[in-house]
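Worth knowing before you read on, the calculation uses all heavy atoms, side chains too, and leaves out hydrogens, waters and symmetry mates. In this text the structure is predicted, and so the values were computed from the model without any measurement.
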Amino acid sequence: MAVSSPTQTTQLMNNVDAVRATLYDAMKNDPRTVILGEDVGARGNVFLITKDFSKEFGPQRVIDTPIAEASIVGIAVGMAMEGLRPIAEIQFADFIYPAFNQIVGEAAKTRYRSNGEYTCPLVIRTPYGGGVRGALSHSVSIEALFYHVPGLKILAPAFPADVKGLLNAAIDDPDPVLFLEHKKTYRLIKGEVPDGHYTIPIGKANVLKEGTALTVVSYGLYVHWALEAAQQLADEGISVEVIDLRSIRPMDKTAILQSVEKTRKLLIVHEDNKFGGIGAEISAMVAEEALFSLDAPIRRHCAPDVPAMGYAEPLEHEYMSSPAKIADAMRELARF
Amino acid sequence: MATTITMPQLGETVTEGTVAQWLKKPGDSVEKYEAFVEVSTDKVNAEVPSPVTGTLREVLVKEGETVATGTPIAVIDEVGAATQSNAHGTEPTQQVADAAAAPPKPSNGSTAHVPAAAAPAPARPAELDIAGLEAALRVASPAVRKLAREHRIDIRALQGSGANGRVTAQDVLTAAQMGPAAAVGQAIAVGTNFGATGAPAKPPTHAAPASGGTSTYGEPIPGTTIPLNQARRIIAQRMVESKHTAPHAWSMVEVDVTNLWKWRQREKDKFDHETGGLKLTMLPFFIRAVVESLAAFPLMNARFTDEGIYVNKEVNIGIAIGLATNLVVPVVKHADQLSIKGLAVASAQLIDKARRNKLGVDDLAGGTFTVNNNGSNGSIASAPIINGGQAGIVTMEAMVKRPVVTADDAIAIRSIMNVCLSLDHRVVDGYVASGFLADLKRRLEAMGPTGIL
């Protein structure tokens with residue numbers, strides 16, 4: 001992990017703590033930083049990420065907005081273009097659609113449209129993902145909808161230390177970044193987080209576990225499940241390499257290609273739907289760059305092509321993967 | 001439509017074949033490319049793939065019977081052809097489709113019986129057992145193709161460990177470790193090679209599944225079949241390949257190595273001491289003489305290609321080493337640049353690695369000529385198989401003391417060693433080959449205690 005100093009002390013945190021601590025430091029250290037979104041002020045965010053921020057930094061910098069996502073992002077774009085460092089929050093990723101134009105049509109194109117005269121140093125944070133009985137409007141993965149858009153960066157860290165390092169990098173970045181936080185990992189995943197300010201470079205994947213039989217590329221919650229499955233397979237004598245993308249876009253082509261050239265087999269695992277998903281682009285890239293290293297068809301283990309995960313528990317289980325399902329997909333590819 | 005199958009010609013010089021075993025019985029269904037009969041010649045056993053999908057109607061030659069190549073041996077009622085001739089596109093009956101889709105059956109399988117008169121009931125290709133076909137067709141992934149090309153491995157000869165018997169990239173790498181085709185033939189002269197003796201090698205990991213009994217190469221049990229492991233398959237394939245592509249000619253000279261032997265006796269203790277325990281054998285002396293003769297006769301350090309005779313720049317000498325279950329031919333690179341001492345060390349290291357099963361791909365690649373120390377068990381003459389892609393191979397036979405009539409008509413007891421040469425007659429003729437052998441003989445006989453290691 002790229003932290004600025006290896007001698008730093010650390011704190012045990014979950015992902016919510018990591019987001020909160022990073023936002024707090026940003027507010028503390030840079031008066032240009034502004035947080036805006038639904039319930040971020042008085043309520044302190046639905047996951048209590050910005051609890052008491054409003055008291056400390058005031059309603060001018062921690063802004064409760066109406067339920068109007070287009071406005072949240074639209075206002076934030078203007079703030080960013082004129083020199084502030086807004087961190088906009090979409091309460092749940094499921095609600096981001098009204099802001100699509102502001103994100104894709106405005107934020108992502110600002111630098112290009114103004115020939116570099118304006119940039120849009122905007123961070124849009126949003127919790128996403130399922131496994132929490134969130135059903136149709138509190139479970140979606142939205143990354144593929146924005147993946148296609150040049151000018152936009154999409155991050156989806158899975159570990160607290162990565163959350164902090166990448167959120168700092170996103171805040172420092174001069175261009176718009178969509179920062180995805182998997183809500184099931186919020187309190188589930190704990191880890192040591194270095195103290196002080198550090199960044200993790202955007203666009204760098206992390207090889208979490210080295211292996212020889214196949215490469216698994218994932219991000220978000222499924223990284224943890226892929227690791228668990230890889231451990232099961234290790235007990236069976238199958239050595240699986242697990243890569244956490246961390247940055248969805250830009251994609252760390254080098255890390256993926258190096259791994260695939262070693263293992264010759266690639267399994268992409270993500271929670272989002274398979275068709276037109278992140279895995280499609282990774283597959284295409286590997287097919288273009290490393291066809292002659294492949295010893296098996298590229299496999300994608302993703303959500304089925306249905307509109308959403310249902311509320312009923314069996315429907316959610318059917319839609320979501322699991323360590324056991326990922327292990328099966330790994331075994332099948334290893335056997336090929 | 002009936003297709004008559006004839007005895008195949010298993011190589012340029014083969015004129016007849018023996019039906020070793022029928023793998024299918026009349027009435028059995030057979031897939032295109034599925035082996036249905038095993039044919040043997042004096043050197044080779046080969047499974048013959050069916051050219052069509054259908055039912056074996058009749059076998060015309062009994063097991064054990066030998067017939068000339070081209071003689072009809074079986075009739076297969078073709079299923080696929082019927083489809084094409086069925087202008088009305090009648091839907092196939094499910095029974096026939098099932099039969100056609102049935103996986104390959106063992107030779108005594110009696111299910112999936114398709115009546116011989118089932119001509120108008122075709123199976124559409126879409127209903128074939130694709131997995132079975134893929135196995136038969138040896139579908140190779142891009143990685144496998146690339147590795148096979150790099151290591152010059154014929155994947156058709158490999159036993160696949162992947163799904164449906166697919167040859168995986170790892171299978172190719174394993175085979176490459178057994179020895180790349182550049183050094184083809186790890187295996188020289190099966191059956192006559194006693195070479196440098198080696199400790200039993202660990203059996204390769206991708207052994208074929210046992211087919212009844214637990215017979216192994218190390219412990220053969222009469223009446224059982226020893227499954228072919230990767231090493232055995234590759235050795236077999238390369239032997240066949242070499243014998244079938246390179247017309248072998250053979251010659252032998254007697255060499256008086258009395259003085260050479262004396263020289264070796266004089267040097268061996270010192271060498272042992274200097275190298276910390278390496279044994280000085282006759283091999284490095286022999287290799288030294290061989291590389292000098294190759295320099296004088298570069299056509300012997302060449303290989304036949306369709307474009308012409310490629311004369312190798314490098315002189316890399318393969319050493320055939322017989323192990324308990326297989327044969328490896330590690331290569332002393334740039335042997336022409338090494339002294340006898342250098343050759344002794346290099347060859348000792350390779351032999352040691354071979355016995356410990358530690359040879360890497362690099363150790364086995366790039367040979368241009370091969371030396372086989374065949375005499376250690378007493379053989380005085382052998383006809384080695386050329387390492388594919390080379391022009392020749394020489395053997396060192398057993399050194400024996402014999403009464404010899406000397407130049408001045410006296411009778412003396414001399415140490416005589418026969419040196420045998422197999423040559424690729426496409427590359428050189430007897431004129432060059434015998435010149436080479438005479439040169440080699442002269443050099444070996446000139447070696448004596450006054451030489452420098």
Side-chain angles (χ1 to χ4, degrees), chain A residues 210-217 229-230 233-241 243 253-268 279-280 282-301 325-336, chain B residues 103-104 126 128-178 180-181 202-209 230 234 358 360-362:
Chain A
E210 296 205 7
T212 53
L214 66 133
T215 297
V216 175
V217 171
L233 265 76
D235 297 341
E236 296 164 21
I238 301 169
S239 161
V240 179
E241 182 144 317
I243 295 181
K253 287 167 77 167
T254 310
I256 297 169
L257 289 171
Q258 272 176 356
S259 180
V260 169
E261 273 156 18
K262 178 174 73 171
T263 66
R264 302 191 180 85
K265 291 179 180 177
L266 174 62
L267 173 67
I268 301 150
I282 296 172
S283 304
M285 185 277 289
V286 170
E288 282 178 343
E289 308 271 340
L291 178 69
F292 299 104
S293 295
L294 288 175
D295 193 29
I298 299 165
R299 291 278 160 84
R300 289 177 288 160
H301 177 73
K325 287 187 202 172
I326 295 172
D328 281 344
M330 289 173 174
R331 280 189 204 100
E332 195 188 320
L333 185 53
R335 267 199 303 267
F336 183 86
Chain B
L128 290 176
D129 171 13
I130 297 304
L133 262 182
E134 281 183 354
L137 290 167
R138 290 273 168 193
V139 170
S141 71
V144 161
R145 284 164 184 263
K146 182 178 157 205
L147 288 170
R149 219 175 282 128
E150 275 172 18
H151 295 290
R152 303 171 78 179
I153 299 286
D154 183 348
I155 59 167
R156 290 170 301 183
L158 301 187
Q159 176 84 15
S161 68
N164 298 316
R166 186 183 76 91
V167 173
T168 67
Q170 192 53 49
D171 292 337
V172 179
L173 289 172
T174 305
Q177 272 160 14
M178 299 295 310
K202 214 172 72 180
T205 45
H206 288 295
Q230 204 82 290
I234 292 167
K358 295 282 185 213
V361 174
D362 286 348

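At least one side-chain heavy atom of A/R264 sits less than 4.5 Å from a side-chain heavy atom of B/L147.
Counting only distance, with no hydrogens or angles, the side chain of B/R166 and the backbone of A/F336 share a donor-acceptor pair below 3.5 Å.
The distance from the CZ atom of A/F292 to the CZ atom of B/R149 is 7.5 Å, given to the nearest 0.5 Å.
Side-chain contact, A/D295 with B/S141: a donor N or O sits under 3.5 Å from an acceptor N or O.
Few gaps surround NZ on A/K325; more than 12 heavy atoms of other groups in view lie less than 6.0 Å from it.
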